[in-house]
Visitor: 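For reference, the structure I am asking about is given below.
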Amino acid sequence: MKQHNKVSLFEPSLVNTAIRQSFVKLHPGLMIKNPVMFTVEIGTAVMLIVSLYQLITGDLSQGAAWYNWVIFSILLLTVLFANFAEALAEARGKAQAESLRKTREETPAKKITSDGKIDILSSSMLHLGDQFVCEAGDIIPMDGEITQGIATIDESAITGESAPVIREAGGDKSSVTGGTKVLSDRIVVKVTTQPGESFLDKMIALVEGASRQKTPNEIALTILLASFTLIFIIVCVTLKPFADYANTPITIAAFISLFVCLIPTTIGGLLSAIGIAGMDRALRANVIAKSGKAVETAGDVDVLLLDKTGTITIGNRKATHFYATETEDENEFIQKALLSSLSDDTPEGKSIVELAHAKGVNAQAAAGSQFVQFTAETRSSGVDTPDGNKIRKGAFDAIRQMAIQAGHTVSHTTEQKVKSIAENGGTPLVVAVNNKIKGVIELQDIIKPGIQERFQRLRKMGVKTVMVTGDNPLTAKYIAEKAGVDDFIAEAKPEDKMNYIKKEQNAGKLVAMMGDGTNDAPALAQADVGVAMNSGTQAAKEAGNMVDLDNDPTKLIEVVEIGKQLLITRGTLTTFSIANDVAKYFAIVPALFIAAIPALQSLNIMGLKSPESAILSAVIFNAIIIPMLIPLALKGVSYKPIGASALLRRNLLIYGLGGVIVPFIGIKLIDMLLGLFM
Amino acid sequence: MTGEITGVVFTFLLTLLLAYPLGKYIARVFSGEKSFMDLMNPAERFFFRVSGIDPKEPMNWKQFLKAMLTINMLWLVYAMLLLVFQDKLPLNPDGNGGQTPDLAFNTAISFLVNCNLQHYSGESGLTYFTQLFVITFLQFVSAATGIAALAGMLNGLKHKTTQNLGNFWNLFTRSITRILLPLCIIGAVLLAFNGTPTSFDGKDTITTLQGDSVQVSRGPAAGMIAIKHLGTNGGGWFGTNSAHPLENPNYFTNILEMVMQVVIPVALLFALGFYLNRRKLARVLFGIMTLGMLCLLIPTIMAEVGGNPAIEKMGITQATGAMEGKEVRFGPAASAYWSTVTTIISTGSVNSMHDSSMPVSGLMQLLGMMINAFYGGCGVGILNYLIYIIIAVFISGLMVGRTPEFMGHKVEAREVKIAALVTLLSAFLIKGFVALAAYMVAHHPEMAWAVKPGSWLNNPSYHGFSEMLYEYTSANANNGSGFEGLGDNNVFWNVTTGIVLLLARFIPIIGPVAIIGLLANKKFIPDSPGTLRIDSWTFGIMTFAVIIVINALSFFPALTLGPLAEYFSLY
């Protein structure tokens with residue numbers, strides 16, 4: 001991935017902002033959005049009142065003054081730690097987004113006025129539908145679509161990729177992004193977004209929290225956490241009459257400490273940080289998510305639609321073999337093939353030249369050679385040499401027809417060869433000289449190295465992969481098998497994609513796809529997760545719910561993992577947080593009643609020194625566990641594709657059992673430390 | 001002692017042996033397939049025609065619940081009126097008086113909700129008329145209500161996407177005519193042959209060995225005692241319930257009654273497997289629930305068989321274990337098994353005095369009722385377990401990185417909200433009302449009620465606390481057993497437990513049925529390799545952990561002040 005994306009977790013400048021923000025966030029109006037931490041803030045306020053009351057009246061019925069002040073400070077720290085986690089996540093996301101936004105600060109724009117003149121104004125003055133001109137050396141002022149011309153563009157400001165890309169009017173590569181630089185030629189661009197409404201602006205707003213909405217899953221979890229909090233309110237409130245019955249006075253500090261320790265502050269404090277970090281991770285992978293929900297849904301995807309070209313195979317087909325007919329000389333044939341391809345600019349043509357050179361065959365086009373372009377009618381291309389030879393290469397059907405019309409026969413071995421090449425996933429190109437077949441060139445798709453492992457991984461995640469290709473079913477099947485995808489759509493038309501998505505969705509599956517062209521837009525909109533390439537058309541980008549700045553078709557796989565990580569991090573930290581309560585109960589409950597019921601000493605299994613140190617240790621542990629888990633919350637718990645049950649066992653063992661054991665050790669250690677001072 | 005343990009093991013295995021075919025049969029009843037009980041067809045058709053019911057009419061979850069709640073409300077009014085005016089009604093050979101309104105309120109609710117908490121004694125508090133037409137009647141219909149609710153839930157899960165939970169009236173009626181009634185007849189006959197009274201005569205008089213003359217209550221008891229167990233009701237004909245020599249005459253009837261109370265809840269688990277065609281799920285549910293049962297049973301048996309250390313310190317050997325409050329004809333092991341199953345299954349009948357159990361046993365009885373889902377009451381046990389499953393599904397779904405799913409339907413905020421509410425309810429009801437009672441005892445011991453708060457508790461300190469905790473826990477679990485030793489026939493206890501009973505019965509039925517109704521409406525998602533299978537043992541253990549953690553977190557402080565403090569003081 002790109003170098004500039006790596007920001008250390010606790011980058012000092014970000015930490016400073018986050019610290020400042022964690023105080024700003026103490027405002028009750030902001031705190032109330034997080035019910036769990038809001039109750040902690042109320043508890044903190046109560047402790048402040050108790051401490052101040054003691055200071056003024058000197059009443060010691062609520063325990064020693066220093067003790068109350070300490071409890072107050074730790075509770076305040078607990079709230080601040082939680083705020084810090086959220087603020088840090090925000091700061092990181094914002095920094096990432098800012099660095100992207102910097103690229104599109106005020107630039108001069110050459111607007112075309114209604115009377116056709118060019119008016120130079122600031123980019124912020126451009127509106128939807130305006131047209132502007134960019135020439136070599138200009139920074140493109142706004143996102144838009146090219147209406148005229150073709151240009152090479154340096155998109156490194158956004159993608160980090162230094163190789164320039166070609167963008168031209170019409171077709172699927174017509175979209176340009178504000179902040180990128182035109183390297184050559186001149187284009188006319190139509191503005192496609194309102195100022196402040198580009199994808200980047202939307203993303204920044206999401207990360208900054210202004211327009212961040214809780215995802216449905218986050219809402220459900222908040223409800224569950226709030227109900228746990230309510231249970232603990234009941235536990236603490238009823239403890240008062242219970243204690244009266246048992247003739248045990250309990251101080252306010254003890255009540256509040258018990259309450260704060262029991263409520264799921266760990267997950268409550270980290271929940272929003274986890275959500276922001278998920279979107280931030282997507283952004284770091286150069287994917288702009290239009291909502292947090294989109295990232296979450298990605299984790300649920302069952303079916304992945306992938307374009308063959310660029311995703312599964314490297315670019316285009318390449319020539320891999322020359323097969324001369326038995327009557328032809330091998331070198332002669334290669335030379336003819338080479339001559340036919342010298343002026344063929346298609347990737348296939350170039351690869352034939354490369355292969356011929358690699359075989360040590362060299363040839364120059366003789367002066368007066370007449371090149372014949374590929375047309376849909378002839379389905380062949382080639383060259384007419386000055387010595388009167390007509391060399392043609394093309395699909396077997398087309399060449400065979402030419403040969404038979406000219407009275408030549410097609411040898412059995414040629415037919416065999418053509419068939420075997422097709423069966424092995426290759427594309428046969430037949431070369432004829434003066435309508436006589438000379439041999440067959442084998443073109444092969446090169447499957448990306450490592451792609452099989454990635455599909456393997458997806459299969460283990462329970463995601464079905466589907467290859468979409470324009471190839472005939474035979475070739476498609478071969479490549480699908482070789483790459484290890486589960487299904488394929490051959491000879492795919494845009495509506496085939498759409499139908500496939502609908503079919504899967506009707507069966508209850510969630511479908512993700514990636515696309516760039518305008519004709520992909522309906523399918524992108526239909527898919528549950530639609531990732532549009534940044535180079536794609538505006539329509540495609542509007543239709544999808546994510547935009548990939550790198551235009552990397554394998555990005556879907558990463559997006560799925562990011563989504564899963566997000567959910568897993570939430571789930572494991574919730575489990576950890578709740579499991580912690582077991583130890584806290586064993587620390588605090590005996591401490592509350594030990595004076596009245598000495599027999600409960602047996603419940604003090606940690607052997608904590610005194611009731612005060614027991615409660616203090618529990619509260620301190622409860623506070624410091626939040627910052628200790630920030631790195632995990634921001635980086636996310638790693639996802640292992642080992643099957644749902646195995647993954648549950650693993651996470652239950654680490655975060656469930658670990659969540660039970662860790663606080664026993666932590667609280668005991670803190671108690672031993674406190675023992676040195678108390 | 002080995003003999004006694006063998007008796008327990010035998011009883012449990014016998015139950016399983018009977019429950020498996022019964023479960024298969026119940027699944028057939030639910031799906032309306034032909035069976036030998038079709039001989040009930042004319043009777044059922046007659047009921048439906050008289051009541052103007054179309055038994056094939058589909059119901060969505062709201063209609064289903066509406067039907068269930070309406071008829072229950074009707075029964076409540078009916079039962080209360082009969083109890084208050086029972087002295088004016090026939091079949092009262094002993095001349096017993098009417099119940100006070102608050103006691104009638106408590107009794108009517110208590111039997112309506114399948115709880116059978118009894119703040120009266122059957123010999124003097126009821127007439128034969130109300131025993132039969134209020135108590136026995138409610139014991140049938142309340143059990144059938146639970147079974148019908150479960151059947152509705154299973155209907156919601158059987159089809160991929162559906163609105164229809166089945167017809168409540170049909171499911172309810174068939175539960176009585178084809179499940180409860182036939183089993184009950186067998187049970188009652190066996191009891192009658194072993195000496196349980198089946199007569200309409202009034203009290204009999206016997207002369208004891210000492211020469212005193214003693215009045216012995218009788219009545220048409222055998223039928224009621226059969227349904228009290230089969231329907232997991234638990235309310236006794238006589239005040240001392242199944243510890244009474246006529247209600248539970250010998251070791252055989254003791255086995256019979258234990259089998260009868262466990263057999264339907266276990267059979268319903270198997271029925272779930274057959275009906276949904278998810279046998280593995282039924283096996284896992286059964287396995288986890290049995291594990292839970294054993295976790296409660298083994299410490300109880302050990303504590304009871306081990307005897308009381310306080311007595312041991314006095315130098316008295318206890319070869320037969322802790323015998324205080326136990327019947328000699330049953331012994332500590334059978335009593336321990338009974339006390340465990342009666343609390344986990346929400347029967348609430350007793351064959352020993354729970355107040356006299358060892359602290360560990362008291363703790364286990366309380367836990368059994370707090371969890372209330374290891375087998376659980378007729379139908380409702382599985383509904384309670386569903387709530388734990390929903391929470392477990394949600395958390396573990398997150399842990400494997402998928403939006404949580406239950407049987408092919410996404411679990412979202414609404415379902416979690418309902419599950420959380422139901423979970424919250426028991427913590428709120430139990431702890432809230434115990435706190436209120438503790439407050440009354442501590443601060444207003446002289447209130448002018450029939451029993452003053454100061455004299456509520458037979459025992460001071462921890463044990464007194466356990467008595468209060470037990471009463472509300474039992475009411476909340478719709479269990480109905482009492483720790484006893486609590487002066488509970490007064491307006492405070494009658495009214496507060498009445499409220500707890502009503503809420504704790506119907507909200508935990510409405511909640512799961514609503515969840516299933518909502519889920520069944522959603523798009524069906526077929527399983528994929530990434531789906532967390534809820535019929536895996538891993539998920540079973542996860543649910544078990546959720547059950548333990550939720551209950552421990554809710555009740556640890558209360559249990560500390562009651563049985564735990566008592567245990568640590570005693571040992």
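To find a chain, count down the sequence lines: A is the first, B the second, and so on, and within it residues start at 1.
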Visitor: What part of B:Leu532 is in contact with chain A, defined as an atom under 4.5 angstrom from a non-hydrogen atom: side chain, backbone, both or neither?
Guide: both
Visitor: For B:Ala552, which atoms come within 4.5 Å of any heavy atom of chain A: side chain, backbone, both, or neither?
Guide: backbone
Visitor: Is it the side chain or the backbone of A:Leu239 that comes within 4.5 Å of chain B heavy atoms, both, or neither?
Guide: side chain
Visitor: Quick check: are there more than 12 heavy atoms from other residues, nucleotides or ligands sitting under 6.0 Å from CZ of B:Phe428?
Guide: no
Visitor: Determine whether B:Val549 and A:Asp581 make a side-chain contact, defined as any pair of heavy atoms from C-beta on separated by less than 4.5 Å.
Guide: no
Visitor: Which bit of A:Leu221 is near chain B, if near means a heavy-atom gap under 4.5 Å: side chain, backbone, both or neither?
Guide: both
Visitor: I'd like to know which of B:His443, B:Lys431, B:Lys523, B:Arg533 tops the heavy-atom pair count under 4.5 Å against chain A.
Guide: B:Lys431
Visitor: With only heavy atoms counted, which part of B:Leu436 is less than 4.5 Å from chain A, the side chain, the backbone, both or neither?
Guide: neither
Visitor: For B:Ala419, is it the side chain, the backbone, both, or neither that has a heavy atom closer than 4.5 Å to a heavy atom of chain A?
Guide: neither
Visitor: Does A:Lys503, at its NZ atom, have more than 12 non-hydrogen atoms belonging to other residues, nucleotides or ligands within less than 6.0 Å?
Guide: yes
Visitor: Identify which part of B:Leu457 has an atom lying under 4.5 Å from any heavy atom of chain A, answering side chain, backbone, both or neither.
Guide: side chain
Visitor: Do B:Val416 and A:Ser227 have side chains that approach each other closer than 4.5 Å (heavy atoms only, starting at C-beta)?
Guide: no
Visitor: Considering residues, nucleotides and ligands other than A:Lys240, do more than 12 of their heavy atoms fall under 6.0 Å from its NZ?
Guide: no
Visitor: Counting heavy-atom pairs under 4.5 Å with chain B, which one of A:Ile234, A:Leu592, A:Asp300, A:Val660 comes out on top?
Guide: A:Asp300
Visitor: How would you list, by chain and number, every residue that makes a side-chain hydrogen bond (donor to acceptor under 3.5 Å, both in side chains) with A:Asp302, sequence neighbours excluded?
Guide: B:Arg402
Visitor: So, do B:Ile550 and A:Phe228 sit near enough that their side-chain heavy atoms are less than 4.5 Å apart?
Guide: yes
Visitor: In terms of heavy-atom proximity below 4.5 Å to chain A, should B:Lys522 be classed as side chain, backbone, both, or neither?
Guide: neither
Visitor: List in chain and number order the residues that pass ring pair (Phe, Tyr, Trp, His ring centres under 6.0 Å) with A:Tyr585, two or more places apart in sequence or in another chain; answer none if no residue qualifies.
Guide: B:Phe556
Visitor: Answer yes or no: is there a side-chain heavy-atom contact under 4.5 Å between B:Leu398 and A:Ile568?
Guide: no
Visitor: In terms of heavy-atom contacts, does CZ of B:Arg414 have more than 12 from other residues, nucleotides or ligands at under 6.0 Å?
Guide: no
Visitor: Do A:Leu652 and B:Met542 touch side chain to side chain, with heavy atoms closer than 4.5 Å?
Guide: yes
Visitor: Between chain A and each of B:Ile541, B:Ile391, B:Val546, B:Thr538, count heavy-atom pairs under 4.5 Å; write down the option with the most.
Guide: B:Thr538
Visitor: Which members of residues 597-605 of chain A, sorted by number, sit under 4.5 angstrom from chain B on a heavy-atom basis?
Guide: A:Ile597, A:Ala599, A:Leu600, A:Ser602, A:Leu603
Visitor: Which is it for A:Tyr639 and B:Val400 under the side chain to side chain contact (heavy atoms under 4.5 Å, CB included) test, yes or no, and what are the steps along the way?
Guide: CA-CA 8 Å; A:Tyr639 172 74; B:Val400 300; over 6 Å; no
Visitor: Please identify, among B:Leu553, B:Leu570, B:Thr560, B:Thr423, the residue contributing the most non-hydrogen atom pairs under 4.5 Å to chain A.
Guide: B:Leu553
Visitor: Do you know which of B:Ser536, B:Ser569, B:Ser461 has the most heavy-atom pairs with chain A at a distance under 4.5 angstrom?
Guide: B:Ser461
Visitor: Measuring heavy-atom distances to chain B, does A:Tyr655 have an atom under 4.5 Å in its side chain, in its backbone, in both, or in neither?
Guide: neither
Visitor: Main chain of B:Met399, side chain of A:Asn651: is a donor-acceptor contact present, judged purely on distance under 3.5 Å?
Guide: yes
Visitor: Not counting sequence neighbours, which residues clear ring pair (Phe, Tyr, Trp, His ring centres under 6.0 Å) with B:Phe465? List them please.
Guide: A:Phe242, A:Tyr245
Visitor: Let me know if B:Val434 has heavy atoms under 4.5 Å from chain A in its side chain, its backbone, both or neither.
Guide: both
Visitor: With only heavy atoms counted, which part of A:Val589 is less than 4.5 Å from chain B, the side chain, the backbone, both or neither?
Guide: side chain
